[in-house]
Amino acid sequence: MTEQKQERESWNYESLEEIIEAIRDQEHDYDTIGLQGPDGIKPKVIEYANRLREEGFETVIVGASTFGACGIADEKVKRMGADALIHIGHTRFLHPEKADMKDYDVYYLPYREDREIMPILEEHYEEIDKDEKIGLVGVTQYMDRAEEAREFLESKGYDVVEGTTGLRTTETGQVLGCDAGAAHNVSHKVDAFVFLGSGHFHPSQVSETGKKVYVVDPYQEHIWIEPPNSLEDEMQAEYARVIKHKDKKKWGIVTSSKKGQNYMMAVEIAKEKLESYGKDVYVFVEDRIFESDYKGYGIDIYVNCACPRMTKDWRDMAFVSPKALEVLDELEIEH
Ligand code: SF4
């Protein structure tokens, strides 16, 4: 294991007991520990708080749900006197613009789904074409079984290429809604991907590599195929929004104050580009971004420089990704 890989993985723990041991071993002298988790495991958060209290720690819990480790609530718990934070649900998030994400002690306890995935792979693997070189990717909930899946596929004669981490991720093959880098990094070596997880959202990010994706789906209980480039329509819809508003004078750019969703370089690049086309640009910041907050400013189109996932289904206002601004270069714009 390379030093870099070891460093990346050492931030993630598999149980609260491991974290308690680390906190004690490292003699940090913590008194108060913050806890933060996603919806759906709130009873677990209380259970963890009780366990920490048994160990003599004071606890403070972040009330709002978390969608990713991009939103570590270090500042909130620090304000409450916490010495460290346990972020439940996700692996450590690396900032794509290299902003410092480790200036506070955060212990990551990723959520692993109890639902069995290996029996689905074992029962349906023959649907994966054996002549194809495979890249193995998936979501955090199942990455604890990625090695087992790889060994199984190899034992059945599949050629599974060595995986990598993405730009924001710490586990090999791990894909986030904002980062399919683990797939892109190996896409030139593979014919198709095997994806551990469910739903279309993450497989469609992987399909942007131009490769088909075999989804080993523990909810559907079979393997289905996400076709290559399945996000193409979505991108075309974004270009259409930019084209529709191309002559508007006022444009907004939205970013988040959440540490891992605050993309200042993206803001600067988008702002510069829009200004080069004579636009008046207004930059907005908010912790969690709601569509309704952006009504009433007299601005019809906003560039989302926060979590790319957030604005995807919004229809009242026109929100586009920074990438969609590319289309401006091909248009005649009224200055
Ligand atoms: S998709 Fe959004 S919520 Fe999920 S990790 Fe990325 S920035 Fe965070």
Side-chain angles (χ1 to χ4, degrees), residues 8 11-12 36-41 62 64-76 85 87-102 106 108-113 137-143 165-185 195-209 226 230-231 234-235 238 253-267 270 284-291 293 302-314 319-324:
R8 280 173 169 228
W11 289 78
N12 304 322
Q36 175 188 31
D39 261 348
I41 60 160
V62 178
S65 168
T66 168
F67 299 98
C70 53
I72 47 171
D74 51 345
E75 283 163 17
K76 289 180 188 168
L85 170 70
H87 178 97
I88 306 159
H90 313 98
T91 54
R92 183 183 163 209
F93 184 92
L94 307 176
H95 198 289
E97 294 176 354
K98 309 276 181 251
D100 191 0
M101 299 288 285
K102 17 180 225 186
V106 184
Y108 296 87
L109 184 52
Y111 174 67
R112 308 300 189 185
E113 175 70 57
V137 292
V139 284
T140 313
Q141 292 92 315
Y142 301 101
M143 291 321 283
T165 52
L167 190 60
R168 297 161 165 92
T169 56
T170 49
E171 293 188 318
T172 302
Q174 182 193 8
V175 169
L176 299 174
C178 56
D179 186 8
H184 284 280
N185 290 345
F195 177 91
L196 306 178
S198 54
H200 282 277
F201 183 73
H202 294 95
S204 64
Q205 313 286 327
V206 176
S207 83
E208 280 195 290
T209 55
E226 181 79 23
S230 63
L231 284 178
E234 221 171 85
M235 202 60 234
E238 284 201 34
I253 297 180
V254 174
T255 193
S256 169
S257 55
K258 286 183 184 177
K259 219 172 189 174
Q261 289 186 24
N262 184 256
Y263 303 142
M264 285 312 293
M265 267 155 68
V267 169
F284 293 81
V285 66
E286 193 39 80
D287 178 343
R288 189 166 163 194
I289 296 171
F290 294 99
E291 188 174 24
D293 287 339
Y302 292 87
V303 183
N304 175 8
C305 292
C307 166
R309 185 172 186 165
M310 213 150 25
T311 53
K312 280 205 184 294
D313 303 323
W314 294 355
F319 275 84
V320 296
S321 62
K323 181 172 166 34

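What you see below is based on every heavy atom in this structure, not just the backbone, and it leaves out hydrogens, waters and symmetry mates. This structure is a prediction, so every number in the text was calculated from the model and none was measured. Whatever order the structure lists ligands and atoms in, that order sets their numbers, starting from 1.
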Revision key, fill the gap. shortest atom 2 (Fe) of ligand 1-to-protein heavy-atom contact is with Cys307 SG, 2.3 Å

Check your understanding: Please state which protein non-hydrogen atom is closest to atom 4 (Fe) of ligand 1 and give its distance, to 0.1 Å?
Key -> Phe67 O, 4.1 Å

Check your understanding: Are side-chain N/O atoms of Ser204 and Glu226 paired as donor and acceptor at under 3.5 Å?
Key -> no

Point to revise | Per atom 8 (Fe) of ligand 1, closest listed option by heavy atom (Cys70, Gly68, Ala69) | key: Cys70

Review point. Taking atom types as modelled, is there a side-chain donor on Ser321 or Glu238 under 3.5 Å from an acceptor on the other?
Key: yes

Review point. More than 12 foreign heavy atoms under 6.0 Å from CD of Glu97: is that the case here?
Key: yes

Exercise for review: For Cys178, counting its heavy atoms only, list the atoms of ligand 1 lying under 4.0 Å from any of them.
Suggested key: 1 (S), 5 (S), 6 (Fe), 7 (S)

Review point. Between Glu208 and Lys323, is there a side-chain N and carboxylate O pair less than 4.0 Å apart?
Key: no

